[in-house]
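In what follows, every chain begins at residue 1, and chains take the letters A, B, ... in the order their sequences are listed. Values reported hereafter were calculated over all heavy atoms of this structure, with side chains retained and with hydrogens, waters and symmetry mates removed.
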Number of protein chains: 2
Amino acid sequence: MNSKNDRQTTQQERIDSLLSDQGINLTRQRRVIADTLFARNQHLTADQLFEMVKQAGARVSKATVYNTLGLFVKKGLVREIFIDANRTFYDSNTSHHHHFYNVDTGDLIDIKERLAPHFVNHELPAGTAMDVVDLVIRVRNSHP
Amino acid sequence: MNSKNDRQTTQQERIDSLLSDQGINLTRQRRVIADTLFARNQHLTADQLFEMVKQAGARVSKATVYNTLGLFVKKGLVREIFIDANRTFYDSNTSHHHHFYNVDTGDLIDIKERLAPHFVNHELPAGTAMDVVDLVIRVRNSHP
DNA sequence: AACCAATTTATAACTATTCTAAACACCTAC
DNA sequence: GTAGGTGTTTAGAATAGTTATAAATTGGTT
Ligand SMILES: [Mn+2]
Ligand SMILES: [Mn+2]
Ligand SMILES: [Zn+2]
Ligand SMILES: [Zn+2]
């Protein structure tokens, strides 16, 4: 067993326990989807992820990509970002952060700083609890 | 001419100049859509607005509702709020404010306070200018 | 009236997402 | 090993919000 295999095994174990820790059963499809998605911090559409998984040589249906993304969102492994009526991104980085969206280029960029305020329960509508704070700063090219 | 008619005339004149000031030609359809939408501060889907206009006795096609909303958005008379992949709201209040969205009930509520930070150009991605700051606090019912 | 540009309209097209029901995978019991 | 069961995947259909198309209508101008 060389060091390359060691690293791969370790990375696979990380992905596996990421899913297992959330009570997600391991399957070939969920593993390859998670491998692709969690390889780095990125914002992908379902279709982009589908294409990347295909590119990696795996046979996974688009329905499974949607099912799995929905499952990951429910388990808190991934964050949905609704940009407009026909553009949903999935963010592999679930830590508290916000986004710039360039309406001209379609680029979605992380904002490092914590811009949105903290909420305490009594500031929320009665009988509700915080789910998530979605802050999107829409920008356009200055000289189009 | 009684005071009721005075008021109606005045209100119609307000709507007319709201549109004219943006270089929008006045038509029967644009007037009834604007009357309905700008009657109060509210968040409506295209379909809700379409139904309200029908209810008011006017014959306006859904295509015209979409065309007119798109025109109003372009002219800055109305603000689009993208809640999820199949829920776009149109906000008749374009002043700087943000929203609570209850994922259980579907309610979209204004937040009075100014929560999101101000931006100056050098804080934005290079070569871009601010368009709009969209802040949505998603909440769920505490005891579902 | 004839003309013209802008607008509206019905309808089709598009597309992201969800649904459906059958096939498949994997495990356990016998 | 075979049967049975549960969870998962799959192709394809369905759904629904939105946009595009192209013909009809409107309202103003000569
Ligand atoms: Mn908190
Ligand atoms: Mn859609
Ligand atoms: Zn991000
Ligand atoms: Zn609002």
Side-chain angles (χ1 to χ4, degrees), chain A residues 16 19-20 22-37 43-54 56-75 77-91 101 103 106 108, chain B residues 16 19-20 22-37 43-54 56-75 77-91 101 103 106 108:
Chain A
D16 283 2
L19 306 193
S20 301
Q22 302 300 328
I24 297 171
N25 294 334
L26 300 176
T27 67
R28 180 178 56 80
Q29 291 88 342
R30 287 170 181 173
R31 275 181 165 132
V32 64
I33 288 171
D35 281 353
T36 307
L37 182 56
H43 309 120
L44 297 176
T45 65
D47 199 66
Q48 286 172 338
L49 180 55
F50 174 62
E51 292 299 333
M52 287 170 77
V53 162
K54 267 202 307 200
R59 293 179 318 291
V60 177
S61 71
K62 187 170 283 195
T64 295
V65 172
Y66 274 102
N67 288 344
T68 303
L69 283 171
L71 179 65
F72 287 0
V73 168
K74 193 176 62 172
K75 297 300 192 178
L77 295 177
V78 124
R79 182 169 157 199
E80 272 173 313
I81 305 171
F82 303 110
I83 285 297
D84 65 37
N86 29 359
R87 217 180 281 244
T88 301
F89 285 97
Y90 293 87
D91 194 340
Y101 179 69
V103 299
L108 185 66
Chain B
D16 283 1
L19 305 193
S20 300
Q22 302 300 328
I24 297 172
N25 294 334
L26 300 176
T27 66
R28 179 178 58 79
Q29 290 88 345
R30 286 170 181 173
R31 274 181 164 133
V32 65
I33 288 171
D35 281 353
T36 307
L37 182 57
H43 310 119
L44 297 177
T45 65
D47 200 67
Q48 287 171 337
L49 181 56
F50 174 62
E51 292 298 332
M52 288 171 76
V53 163
K54 267 202 307 200
R59 295 179 317 292
V60 177
S61 72
K62 187 172 281 195
T64 296
V65 172
Y66 274 103
N67 288 344
T68 303
L69 283 171
L71 178 64
F72 287 0
V73 167
K74 193 176 62 172
K75 296 300 190 176
L77 295 176
V78 122
R79 182 170 156 197
E80 272 174 313
I81 304 171
F82 303 110
I83 286 299
D84 65 38
N86 33 357
R87 216 178 280 244
T88 301
F89 285 98
Y90 293 87
D91 194 340
Y101 179 69
V103 300
L108 185 66

* Asked: What distance do A:Leu108 atom CG and A:Ile83 atom CD1 have between them, rounded to the nearest 0.5 Å?
  -> 5.0 Å
* Structure fact -> Separation of C:dA16 atom P from A:Leu49 atom CG, nearest Å, is 15 Å
* Quick one: A:Asn67 CG to C:dA21 C1', roughly how many Å, whole number? -> 14 Å
* **Axis bend over the full length of the helix from C:dA1-D:dT30 to C:dC30-D:dG1, computed from five pairs that close each end, to 10 degrees** => 10°
* Note, A:Phe89 side chain near A:Glu80 side chain (heavy atom, < 4.5 Å) -> no
* Atom pair distance, as rounded to whole Å: OH in A:Tyr66 and C1' in D:dT15 -> 13 Å
* **Separation of C:dT18 C1' from A:Asp47 CG (nearest whole Å)** => 15 Å
* Side chains of A:Ile24 and A:Leu77 in contact at under 4.5 Å (non-hydrogen atoms) -> yes
* OP1 or OP2 of C:dT8 sitting under 4.0 Å from any side-chain N/O of B:Ser61? -> no
* Kindly indicate whether the side chain of A:Asn25, heavy atoms from C-beta on, has any atom under 4.5 Å from the side chain of A:Arg30. => yes
* Gap separating the CZ atom of B:Phe72 from the CD atom of B:Gln22, nearest 0.5 angstrom -> 10.0 Å
* To do: Measure from CZ on A:Arg59 to P on D:dT8 and round the result to the nearest Å.
  => 20 Å
* Asked: A:Ala85 has a side chain; which of D:dT10, C:dT9, D:dT18 sits nearest to it?
  -> D:dT18
* Asked: Between A:Asp84 (CG) and C:dT15 (P), how many Å, whole number?
  -> 14 Å
* Compare all side-chain heavy atoms of A:Thr45 with those of A:Phe50 and state whether any distance is below 4.5 angstrom. => no
* So what does B:Thr88 touch, heavy atoms closer than 4.0 Å: a base, only the sugar-phosphate, or nothing? -> sugar-phosphate
* Nearest nucleotide by nearest heavy atom, which residue falls closer to the 5' end of DNA chain C, B:Asn86 or B:Thr68? -> B:Thr68
* Mind calculating the distance between CD (B:Gln48) and C1' (D:dA16) to the nearest angstrom? => 15 Å
* Asked: How long is the line joining NZ of A:Lys62 and P of D:dT8, in whole Å?
  -> 23 Å
* Gap between atom CZ of B:Arg79 and atom NE2 of B:His43 - 0.5 Å precision -> 8.0 Å
Write down the protein N/O and nucleotide N/O pairs, taken from nucleotides 3-7 of chain C, whose separation is under 3.5 Å; answer none if there are no such pairs.
unit_1, atom_1, unit_2, atom_2, d
C:dA6, O3', B:Asn25, ND2, 3.3
C:dT7, OP1, B:Asn25, ND2, 2.8
C:dT7, OP1, B:Arg30, NH1, 3.0

* Give me the one residue out of A:Lys54, A:Lys62, A:Arg87 that meets salt bridge (Lys or Arg N to Asp or Glu O under 4.0 Å) with A:Asp47. => A:Lys62
* B:Leu69 side, atom CG; B:Thr64 side, atom OG1 - distance, nearest 0.5 Å -> 10.5 Å
